[in-house]
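Let me begin by presenting the structure, written as structure tokens, before commenting on it.
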Amino acid sequence: MQKINVIRMTNDNVDEVFHIEELVHPEHHWSKESFYNELSNKLAYYYCVKNEDNKILGYIGLWHIIDEAHITTLAVHPDYRKKQLAQILLIQAIEDCYKDMIKYITLEVRESNIPAIMLYEKFLFESIGMRKNYYQDNNENAIIMFTQNIWYDKFKNNFANIKDTINKDMVVYDK
């Protein structure tokens with residue numbers, strides 16, 4: 001695998017991100033305008049992973065609201081899945097949460113998206129409920145997932161173990 005760079009998303013990245021969004025969510029996806037709006041939101045933190053050819057392979061977005069973060073989106077280009085890119089994006093997001101003294105992280109995920117649920121469970125997200133008919137394209141339910149306090153030893157130790165499994169020579173994180 002080539003070297004991966006994690007960068008803060010900018011307006012210049014929206015076209016490539018939108019292309020991935022269309023591939024991952026062909027029936028119902030965010031608009032370019034939605035991404036531009038998110039990037040101008042002071043609460044929002046958006047990141048991309050790029051390869052050495054400067055091609056965006058995936059992205060993540062989250063909001064920091066007081067002591068809680070909400071992951072709004074996470075997607076990896078279908079051709080680059082199972083290469084730890086979603087984990088790398090989550091690591092960046094969680095590192096930002098530590099910098100901003102966030103205590104809890106939450107998200108919604110389609111109940112049929114088993115790979116995503118397994119990824120979040122690996123990071124110690126737990127299901128705390130269901131939003132019935134949450135997704136507009138097919139009325140699928142969303143599982144609400146939440147972390148315990150990320151400052152607790154159980155979470156911090158698990159997070160450190162996950163970070164240790166990532167090839168550090170492969171990834172350059174945004175500072």
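What you see below is based on every heavy atom in this structure, not just the backbone, and it leaves out hydrogens, waters and symmetry mates. Residue numbers count from 1 along this sequence.
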Would you find more than 12 non-hydrogen atoms of other residues, nucleotides or ligands less than 6.0 Å from [X] atom [atom1]?
X	atom1	result
Tyr36	OH	yes
Ile66	CD1	no
Glu52	CD	yes

Would you kindly say whether [X] and [Y] are connected by a side-chain donor-acceptor distance under 3.5 Å?
X	Y	result
Tyr59	Asn13	no
Tyr45	Gln92	no
Thr73	Tyr46	no

Would you please classify the geometry between the [Y] ring and the [X] ring as parallel, tilted or perpendicular, with 30° and 60° separating the classes?
X	Y	answer
Phe159	Phe155	parallel
Phe18	His29	perpendicular
Trp151	Tyr98	perpendicular

Residues Lys163, Glu95: salt bridge by 4.0 Å N-O rule:
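Yes.
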Please answer whether the main-chain N or O of [Y] pairs with a side-chain N or O of [X] as donor and acceptor at a distance below 3.5 Å.
X	Y	result
Ser127	Ile143	no
Asp67	Ile102	no
Glu16	Ile56	yes
Asp53	Lys55	no

Sole candidate of Leu74, Ile60, Ile88, Ile7 that passes side-chain contact (heavy atoms from CB on, under 4.5 Å) when paired with Tyr47:
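Among the candidates, only Ile60 passes.
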Residue pair Lys32 / Glu21, side-chain heavy-atom distance below 4.5 Å
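A side-chain contact is absent here, since even the closest heavy-atom pair is not under 4.5 Å.
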